[in-house]
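Presented below is the structure to which this report refers.
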2 protein chains.
Amino acid sequence: MPVERCLAKRKFIDFLRRRKLRVTAQRRAIIDSAFETEEHFTAEQLLLWSRRRDASVSRATVYRTLPLLTASGLVREMDLGRDHKFYDPNYSDHPNHSHIICLDCNRIVEFDSEDIKKLARRMSRKLGFSLRTHRLQIVGSCDLLKRLGVCARQKPS
Amino acid sequence: MPVERCLAKRKFIDFLRRRKLRVTAQRRAIIDSAFETEEHFTAEQLLLWSRRRDASVSRATVYRTLPLLTASGLVREMDLGRDHKFYDPNYSDHPNHSHIICLDCNRIVEFDSEDIKKLARRMSRKLGFSLRTHRLQIVGSCDLLKRLGVCARQKPS
DNA sequence: ATCAATGCAAATAATTTGCAAAAAG
DNA sequence: CTTTTTGCAAATTATTTGCATTGAT
């Protein structure tokens, strides 16, 4: 496991302690699972991974821990307009506000752009608001690969 | 009622006829309600308005008509990361891909920007995709008005 | 007459919650 | 010991669907 993930785990445990919340076995299993992956995950996936580490983890505990993870700032909740939310455990390392969702491979590519940030800020000002957050969602397709038949990076779901 | 809205209604009825779908009393009530407003609405709001015109309109029919409205291109479905979707009946007049959601007044301001479109296209290309759609969501606050106490444009929900 | 469209109530599906029992500090 | 956390099952909430009946063409 990369160093940053260990660090993230430690940071989250500190976050719990600071708030006088308890570091239970179930929370450990969930934290370990969340920061083990480099990928986005759903609540259901997190439940599965956590149960591999500790079979006693319940769906309710996962759903109760997720808001703590996002409140700590170490995990970012992403609503991509699907029926379930995604969670990004890399957020504190690489804060991304833009996603490309590929229609072909169903992949989510994240990036951030200073230009978009500036543009968003400028537009907000112009319309009488001050920017708190912004997110750009792009739906696209890997047309080059589609011509070859299937997208090489194809993923299920 | 402004001319464009009448036009939109007519266009939608044409859309139904072209597909050999029937123009029922319930659908009329729903269409009239949808194109009467200048505002975004939810499925629940549309049901309420439609029932004012025709008490027989059921929630199921509203939910079955909404996909037709969006398929026609006259209404745009907006997922703003809340628990319910919003629908924009002005979409064909003013196609907007960007929203500012105000934390203070809970208002949704729409706009579109050629710059953002270009930027999105450029970023997609750079990352190996071709853009299909894009949307920019900005969460902001009207800080000027907040200093005065409450936002003058404040809305419930 | 046809066959699409309706209302109703039951079904989904993701997430939330009440509660008594278990465990952390 | 006190208070938080847990698992379970039931509740919520927006939306969808099956089905017998109604209604547009």
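Throughout, a chain's letter reflects where its sequence line sits, starting with A, and its residues are numbered from 1. Keep in mind that what you see is a predicted model, and the values were worked out from it rather than measured.
- For B/Arg122, the side-chain contact (heavy atoms from CB on, under 4.5 Å) partners at least two apart in sequence or on another chain are A/Asp115, B/Leu119.
- Taking atom CD of residue B/Glu44 and atom P of nucleotide D/dT16, one finds them 14 Å apart after rounding to whole Å.
- Every pair passing side-chain hydrogen bond (donor to acceptor under 3.5 Å, both in side chains) that includes a residue from residues 58-68 of chain A is listed here, sequence neighbours excluded: A/Glu44-A/Arg59, A/Ser58-A/Thr61.
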### Message
Evaluate A/Leu68 against A/Arg27 for side-chain contact (heavy atoms from CB on, under 4.5 Å), listing each step before the verdict.
### Response
CA-CA 10 Å; A/Leu68 295 175; A/Arg27 281 183 180 159; 3.9 Å; yes
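- Here the nucleotide nearest the side chain of B/Arg22, chosen from C/dC3, D/dT4, C/dT6, is C/dC3.
- Remark: P of D/dT5 and CZ of A/Arg28 are 14 Å apart, rounded to the nearest angstrom.
- Side chain of B/Ala60, nearest nucleotide from D/dT17, D/dT5, D/dC8: D/dT17.
- Residues A/Thr24 and B/Arg27 each lie close to DNA chain C; by heavy-atom proximity, the contact nearer the 5' end of the strand is made by B/Arg27.
- When the P atom of C/dG25 is taken as reference, atom CD1 of A/Ile13 falls 10 Å away, rounded to whole Å.
- For the pair B/Pro67 and B/Val23, both in contact range of DNA chain D, the more 5′-proximal nearest nucleotide belongs to B/Pro67.
- Here the P atom of nucleotide D/dC8 and the CZ atom of A/Arg59 are 11 Å apart, to the nearest Å.
- Rounded to whole Å, the distance from CG on B/Leu47 to C1' on C/dC8 is 14 Å.
- Using a 4.0 Å cut-off, some side-chain N or O of A/Tyr63 falls inside it from OP1 or OP2 of C/dT15.
- Annotation: side chain of B/Met78 is in contact with side chain of B/Glu110 (closest heavy-atom distance under 4.5 Å).
- For C/dT16, its base never sits under 3.5 Å from the side chain of A/Arg64 at any donor and acceptor pair.
- Within 4.0 Å of A/Lys20, counting heavy atoms only, lies no atom of the nucleic acid at all.
- You won't find any donor-acceptor pair under 3.5 Å spanning the side chain of A/Arg17 and the base of C/dG25, going by distance alone.
- Atom pair A/Ile30:CD1 and D/dT5:P shows a separation of 12 Å (rounding to whole Å applied).
- The nearest whole Å value for the distance from the CG atom in B/Asp54 to the P atom in D/dT22 is 16 Å.
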### Message
Pair B/Arg5, B/Lys9 - check side-chain contact (heavy atoms from CB on, under 4.5 Å), show working.
### Response
CA-CA 6 Å; B/Arg5 320 325 297 287; B/Lys9 275 171 57 178; 5.8 Å; no
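- Both B/Ala43 and B/Gln26 lie near DNA chain D, and the one whose nearest nucleotide falls closer to the 5' end is B/Ala43.
- One atom, CG of B/Asp79, and another, P of C/dA14, lie 15 Å apart when rounded to the nearest Å.
- Residue A/Lys85 has its side chain nearest to C/dT15 when only C/dT15, C/dA4, D/dG7 are considered.
- Residue A/Ser56 places its side chain closer to D/dG7 than to any other of C/dT15, D/dG7, D/dT15.
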